[in-house]
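Numbering of ligands and ligand atoms starts at 1, following listing order. Because the structure is a prediction, the values reported are computed rather than measured.
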Amino acid sequence: MSLSFHEFSIDQYPEAYALWESSEGIGLSEADSRGNIERFLGRNPGLSFTARDGGRLVGALLCGDDGRRGYLHHLAVAADHRRRGVGSALVDRSLAALAARGVRKCHIFVIRANEEGKRFWARVGWQERATLLIMSRDIAP
Ligand SMILES: CC(C)(COP(=O)(O)OP(=O)(O)OC[C@H]1O[C@@H](n2cnc3c(N)ncnc32)[C@H](O)[C@@H]1OP(=O)(O)O)[C@@H](O)C(=O)NCCC(=O)NCCS
């Protein structure tokens, strides 16, 4: 294994999207089009990372902040590279970059049925916010 970590650049989008598509626990939508991810990366420079094993993308994580709090999205590691510290290393990089920007807390969205994902996040120090509920609304064009 020849592992390296990189800032998430838009040219890695096709590989990252393929990884997300093949990863259980990742919910994709029109929000994840190439144009939207390019806009996300442009608004949040230096916060999102990928992991590569040689020439192959084996991990990806999106991270953004709104000036107050940080948000992680779509953490995924290729099935044959799991349990080797890749996921936590990606998270650590994004959290360090958030801290460098003065952001003191970060949130994640986890599909409630994603038991493995929940175990991972708990293992690396994240706490469920049982008193909070996510509510959403579509915005008409
Ligand atoms: C969740 C995921 C990103 C973890 O990536 P990973 O590279 O295997 O995680 P790491 O090797 O960095 O694990 C960090 C710690 O969490 C633990 N862990 C990882 N996956 C775990 C699981 N499924 N159950 C219990 N513990 C787990 C590891 O054992 C390790 O603990 P340790 O430091 O005591 O050894 C990966 O399983 C994945 O891509 N899953 C599918 C997509 C997904 O669900 N993403 C999360 C969306 S919210």
Side-chain angles (χ1 to χ4, degrees), residues 1-140:
M1 187 162 81
S2 167
L3 204 63
S4 57
F5 293 88
H6 306 265
E7 186 172 341
F8 193 141
S9 53
I10 192 62
D11 57 298
Q12 298 177 89
Y13 171 82
E15 292 170 283
Y17 194 88
L19 174 62
W20 292 330
E21 269 190 314
S22 69
S23 299
E24 68 288 2
I26 303 287
L28 294 170
S29 73
E30 48 79 31
D32 301 300
S33 67
R34 185 185 178 106
N36 284 346
I37 298 298
E38 185 163 21
R39 186 166 58 160
F40 181 91
L41 295 173
R43 289 165 63 130
N44 297 283
L47 296 183
S48 300
F49 294 93
T50 62
R52 307 192 71 90
D53 185 358
R56 176 183 164 213
L57 184 143
V58 295
L61 174 62
L62 293 175
C63 174
D65 82 90
D66 59 14
R68 299 175 63 250
R69 297 305 195 201
Y71 302 87
L72 301 182
H73 307 278
H74 295 355
L75 172 65
V77 174
D80 60 356
H81 281 68
R82 290 180 190 168
R83 301 294 187 114
R84 299 182 194 178
V86 176
S88 51
L90 287 166
V91 171
D92 287 349
R93 276 174 169 70
S94 288
L95 295 187
L98 285 172
R101 289 172 71 145
V103 176
R104 302 291 301 278
K105 185 172 273 192
C106 187
H107 301 302
I108 51 171
F109 303 94
V110 183
I111 295 172
R112 193 166 286 282
N114 183 1
E115 298 299 335
E116 297 228 345
K118 285 191 282 192
R119 280 195 287 274
F120 164 80
W121 290 111
R123 182 73 199 149
V124 298
W126 294 66
Q127 285 164 353
E128 183 176 342
R129 301 291 296 274
T131 58
L132 296 179
L133 171 72
I134 299 174
M135 297 180 74
S136 309
R137 221 196 95 169
D138 289 331
I139 304 171

Checklist entry - Given side chains that start at C-beta, do those of W126 and V110 come closer than 4.5 Å, heavy atoms only? => result no
Checklist entry - Which pair of heavy atoms, one from A89 and one from F5, lies closest together, and at what distance? => result CB-CZ, 3.5 Å
Next on the checklist: Using a 4.0 Å heavy-atom cut-off, which part of I108 comes near ligand 1: side chain, backbone, both, or neither?
Outcome noted: neither
Checklist outcome for this item: Across all chains, not counting sequence neighbours, the side chain to side chain donor-acceptor pair (under 3.5 Å) partners of R82 are E24
Next on the checklist: I need the nearest protein heavy-atom contact for atom 4 (C) of ligand 1: residue, atom name and distance, please.
Outcome noted: F120 CD1, 3.5 Å
Item to check | Stepwise side-chain contact (heavy atoms from CB on, under 4.5 Å) test for R123 and R119 | outcome: CA-CA 6 Å; R123 182 73 199 149; R119 280 195 287 274; over 6 Å; no
Checklist entry - Does any N/O atom on I26 come nearer than 3.5 Å to any N/O atom on ligand 1? => result no
Checklist entry - ligand 1 and H81, any nitrogen or oxygen pair closer than 3.5 angstrom? => result no
Item to check | Distance from atom 39 (O) of ligand 1 to nearest protein heavy atom, with residue and atom | outcome: V77 N, 2.8 Å
Item to check | Flag, side chain of E30 to backbone of N36, donor-acceptor distance under 3.5 Å | outcome: no
Next on the checklist: Under a 4.0 angstrom heavy-atom cut-off, which atoms of ligand 1 come close to A76?
Outcome noted: 39 (O)
Item to check | Sub-4.0 Å atoms of ligand 1 with respect to non-hydrogen atoms of V124 | outcome: 14 (C), 15 (C)
Next on the checklist: W121 versus ligand 1: do any nitrogen or oxygen atoms come within less than 3.5 Å of each other?
Outcome noted: no
Next on the checklist: Test your reading of the structure: does R123 have an N or O sitting under 3.5 Å from an N or O of ligand 1?
Outcome noted: yes
Checklist outcome for this item: Within 4.0 Å of some non-hydrogen atom of G85, the atoms of ligand 1 are 10 (P), 11 (O), 12 (O)
Next on the checklist: Does this structure show an ion pair linking D80 with R56, if we count only N-O contacts that are shorter than 4.0 Å?
Outcome noted: yes
Next on the checklist: Which heavy atom of K105 sits nearest to which heavy atom of H107, and what is that distance?
Outcome noted: CD-CE1, 3.9 Å
Checklist entry - Considering R83, E116, E24, R119, which one's heavy-atom position lies nearest to atom 6 (P) of ligand 1? => result R83
Item to check | Verify atom 35 (O) of ligand 1: protein non-hydrogen atom under 4.0 angstrom away | outcome: no
Item to check | Closest non-hydrogen atom pair between G87 and F120, with its separation | outcome: C-CZ, 4.0 Å
Next on the checklist: Polar contacts were defined as any N/O atom of the residue lying under 3.5 Å from an N/O atom of the ligand; does this apply to F109 and ligand 1?
Outcome noted: no
Checklist entry - G87 heavy atoms, cut-off 4.0 Å: which ligand 1 atoms fall inside? => result 5 (O), 6 (P), 7 (O), 12 (O)
Show me the donor-acceptor pairs within less than 3.5 Å that the side chains of residues 60-76 make with the rest of the protein, sequence neighbours left out.
residue	atom	partner	partner atom	Å
D65	OD1	G67	N	2.7
D65	OD2	R101	NE	3.2
D65	OD2	R101	NH2	3.1
D66	OD1	R68	N	2.9
D66	OD1	R69	N	2.9
D66	OD2	Y71	OH	3.1
H74	NE2	D32	OD1	2.9
H74	NE2	D32	OD2	3.3

Item to check | Subset of ligand 1 atoms that lie under 4.0 Å from at least one heavy atom of R84 | outcome: 11 (O)
Checklist entry - Is N114 touching ligand 1 with its side chain, its backbone, both, or neither, if touching means heavy atoms under 4.0 Å apart? => result side chain
Checklist outcome for this item: Closest to atom 38 (C) of ligand 1 (heavy atoms only, candidates H74, R82, H73, K118) is R82
Next on the checklist: As a quick check of understanding, evaluate salt bridge (Lys or Arg N to Asp or Glu O under 4.0 Å) for R93 and E7, giving each step before the final call.
Outcome noted: CA-CA 10 Å; R93 276 174 169 70; E7 186 172 341; over 6 Å; no
